[in-house]
Amino acid sequence: MKGIFSVLVENRDGVLSSISGLFARRGFNIDSLAVGETDNHEISSMTIISTGDQRTIDQIEKQLNKKVNVIRVRRLNEAKSICLEMMLVKVAYNASNRSQLIELCQITGAKIMKVMPKHLLLEYHSDPEGVEDFIQMLKSYGISEIQRTGPIAMEKG
Amino acid sequence: MTGAQAMIECLKNEGITKVFGYPGVAIAPFYEGLYNSDIEHILVRQEQNAGHAASGYARMSGKPAVCVVTSGPGATNLITALATAYADSIPIVAISGQVSSDLLGRDVFQEADMRGATESFVKHSYLVKDPDDIPRVFKEAFYIASTGRKGPVLIDVPMDIQNRELRKNYVYPEGVSIRGYKPEIRVNMNQMRRVVTALNQAKKPLVCAGGGVILGGGQQLVKEFCEKFNIPLVHTMMGMGVLPKKHPLNFGMLGNNGKPYANKAVSRADLLLIVGARLADRAIPKPERLEKRVAVIHIDIDTAEIGKNMGPNIPLVGDVKDIFEILTEQDIRVTDMSWADELEEIKHSTVDSRVFSDRFVNPNTLVQMLSDKMDDDAIYVADVGQNQLWSADNYVMKEGRFLTTGGMGTMGYSIPAAIGAKFYAPDRQTVAVCGDGAFQMCMNELATVRENGLDIKVIIVKNNYLGLVREYQKNAYDSHYEGVALGEWPYYERIAEAYDMPYFRCSSTEELDEKLDRFLGCEGACLMVCDVSGEDNVK
């Protein structure tokens, strides 16, 4: 099963390595991890996505809670959450497929950030599955570079 | 005031009168502060033993004890002791010197990343980057070490921070405010009611007590609970002493090194009430089988322990004292006497089929006789190996303490831990029992024993082997003994002579009575070697 954790931590040196180290040494998977400051610059927010059996996911929550630098751990319900990921991608084009690619961007809502002689630099955000689908669609054009933020998530209501 | 002076003031504010340590240049400013203070520094002979000594001291006092080391190798030497204290939940505040903060990360002489290296062996750690943080950091460190599930906390202090003047006036904080650390847990009464219901439904309830009961000071309350409702008890190695050994409801230590009748009690019970135990592999080798068959209540102060090794039906998080104060007052049906009788019968019908060589000292008789002869409030420190298991098996606890490392199983724990315990309780008889392997890992501390005039009796259970590994190789690898023969070395008599200690040697069970009397009656520290057959096994 999948575990989506929204974790508030103290924004101090060593905290990120302490959290990622916890996953490493207890054999928990990290599928993705996204970190950023909150409105309070002393506190950072992390979205951690992991997979494992029920016991593992429970243990992750408990072990995170044990960390002195962890302020709050919430396990998000996937169905009740907004989960978004952003991606920057450089896609190759040529004279024959350029308009087709631009049309694809319009349909999917991807933004063209920069037009280069042989590549378009696109920005795209969606739920993680949407990002995967979009990557599949771009593959036939040729992807030269890709950067993904990893998903961030928040519960509705 | 300099950072180093502030560190000393913090220790005074915490009521620390003794620290165990080993100096070096990176911690020298702090030692200058010690020189000018009333805090007593006890010089050990290797840094790991400063940690074990602090562990022994903390286990006796119930409060955090302090060890101090220098940067680099001094600090890395301490890691095993921190890991030991972490596995055994012992409150320690460890102070390590560090290279100057402007040199951090440059791999200069004696630099080691202690925060990174100890991440998984401490409850929390600090790298101090501003001398004005020192009072807050120390206050937090002592608080974190001693509350909730206890454990070691590391404070790494670069040398320039120790030397630098504080900008603000020194004020030791009265309280702590750590956003992510709230150890006080109120007992969940809904869960408590479920526990009571389960107890009322059970016909064969069994308490399984771990070291957490002792660390939480809950022995008396758990004892009252068992007695009031007539519920039998088994315990882990760290839970020895929750009930006196000869208590009619005590059915001994469980696990693959425990009593067969304790394990039978577990397999016959219909409800397990696990208290302050993590039930690691040594205690319950196949938890997934057990949890399918029996209802499990798991009481622990550490939420993460619950469900880690075994899935409970009813978790109850909180302080053992709070929980048992409430639990004992509940309306619970007294368990029928037939359950304890059934266990008593199993206990009596269990035949010990082990054969011990009669040419040497019988290790079981040794521990039994020793515990008979020891003072009621004596401290028995067992090392790791066969000696630990023979000790746990046969030691009859009265009002005293049994100290050992059941969690990490660190060889060489006994002598330094005995030193720490003796410093806390100088009037209590203290005996360290170790094998010839473990002794050679900590015999350098005999110098600390002698230098401080400590009356610690050291018994070496000598069989010329790393006995427990040998026993494992015998059973698992068809007696292919590899790397386990210690040979005759050293000449223990000469070791005793080198440290100017009286020396005793006992080579047969017949001599034990008289030799032990002389050994225990001897004034001051002394050394006794008991020859045990290399063929003697724990199981």
Side-chain angles (χ1 to χ4, degrees), chain A residues 1-3 5-30 33 35-48 50-75, chain B residues 83 86 89 101 104-105 113-130 133 136-137 140-141 143-145 147-154 156 176-183 185 278 287-288 291 298 300-312 315 317:
Chain A
M1 67 183 285
K2 188 152 119 183
F5 299 95
S6 170
V7 187
L8 290 183
V9 299
E10 289 186 35
N11 186 10
R12 289 202 181 149
D13 59 306
V15 177
L16 178 61
S17 80
S18 154
I19 302 281
S20 57
L22 167 79
F23 277 76
R25 74 172 170 275
R26 291 199 182 263
F28 304 147
N29 294 314
I30 297 185
L33 189 154
V35 201
E37 268 187 19
T38 62
D39 55 324
N40 178 348
H41 71 88
E42 289 180 355
I43 298 176
S44 293
S45 170
M46 292 184 178
T47 301
I48 306 173
S50 181
T51 38
D53 56 17
Q54 182 71 48
R55 185 173 284 188
T56 306
I57 299 292
D58 287 348
Q59 264 297 307
I60 291 173
E61 183 177 0
K62 288 173 178 174
Q63 293 292 345
L64 283 171
N65 264 318
K66 258 177 93 163
K67 286 271 158 204
V68 172
N69 286 325
V70 169
I71 298 164
R72 194 200 71 192
V73 181
R74 283 178 67 188
R75 203 192 300 181
Chain B
Y86 189 59
S89 307
S101 53
L104 276 173
D113 166 22
M114 273 306 277
R115 274 195 82 191
T118 60
E119 175 63 43
S120 51
F121 304 121
V122 292
K123 206 173 156 188
H124 195 52
S125 62
Y126 295 90
L127 171 61
V128 183
K129 290 184 170 168
D130 181 343
D133 287 343
R136 174 185 60 83
V137 164
E140 287 183 6
Y143 180 70
I144 291 168
T147 50
R149 180 177 183 175
K150 296 169 186 176
V153 176
L154 173 81
D156 200 25
V176 296
S177 164
I178 311 168
R179 268 186 289 233
Y181 184 70
K182 302 278 179 275
I185 297 160
R278 66 169 155 276
E288 57 285 354
E291 70 192 31
H298 196 165
D300 207 292
I301 195 155
D302 181 357
T303 320
E305 277 312 332
I306 293 175
K308 186 166 83 183
N309 295 323
M310 198 163 160
V317 179

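Lettering of chains follows the sequences in order, A, B, ..., and the numbering in each one begins at 1.
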Can you tell which part of [X] gets under 4.5 Å to a heavy atom of chain B, answering side chain, backbone, both or neither?
X        : value
Gln54(A) : neither
Ser18(A) : both
Val68(A) : both

Atom [atom1] in [X], atom [atom2] in [Y]: separation rounded to 0.5 Å?
X         : Y         : atom1 : atom2 : result
Glu119(B) : Ile19(A)  : CD    : CD1   : 8.5 Å
Ile43(A)  : Arg179(B) : CD1   : CZ    : 4.0 Å
Tyr181(B) : Glu10(A)  : OH    : CD    : 13.5 Å
Leu127(B) : Arg12(A)  : CG    : CZ    : 12.0 Å
Lys67(A)  : His124(B) : NZ    : NE2   : 9.0 Å

**Request:** Please examine the side chains of Asn65(A) and Thr303(B), heavy atoms only from C-beta on, and report whether any two atoms are closer than 4.5 Å.
**Result:** no
Closest non-hydrogen contact found for Lys66(A) with Ala304(B) is CD-CB, 3.6 Å
Under 4.5 Å to a heavy atom of chain A? For Ile306(B) that would be both
Turns out that what part of Lys129(B) lies under 4.5 Å from chain A's heavy atoms comes down to side chain
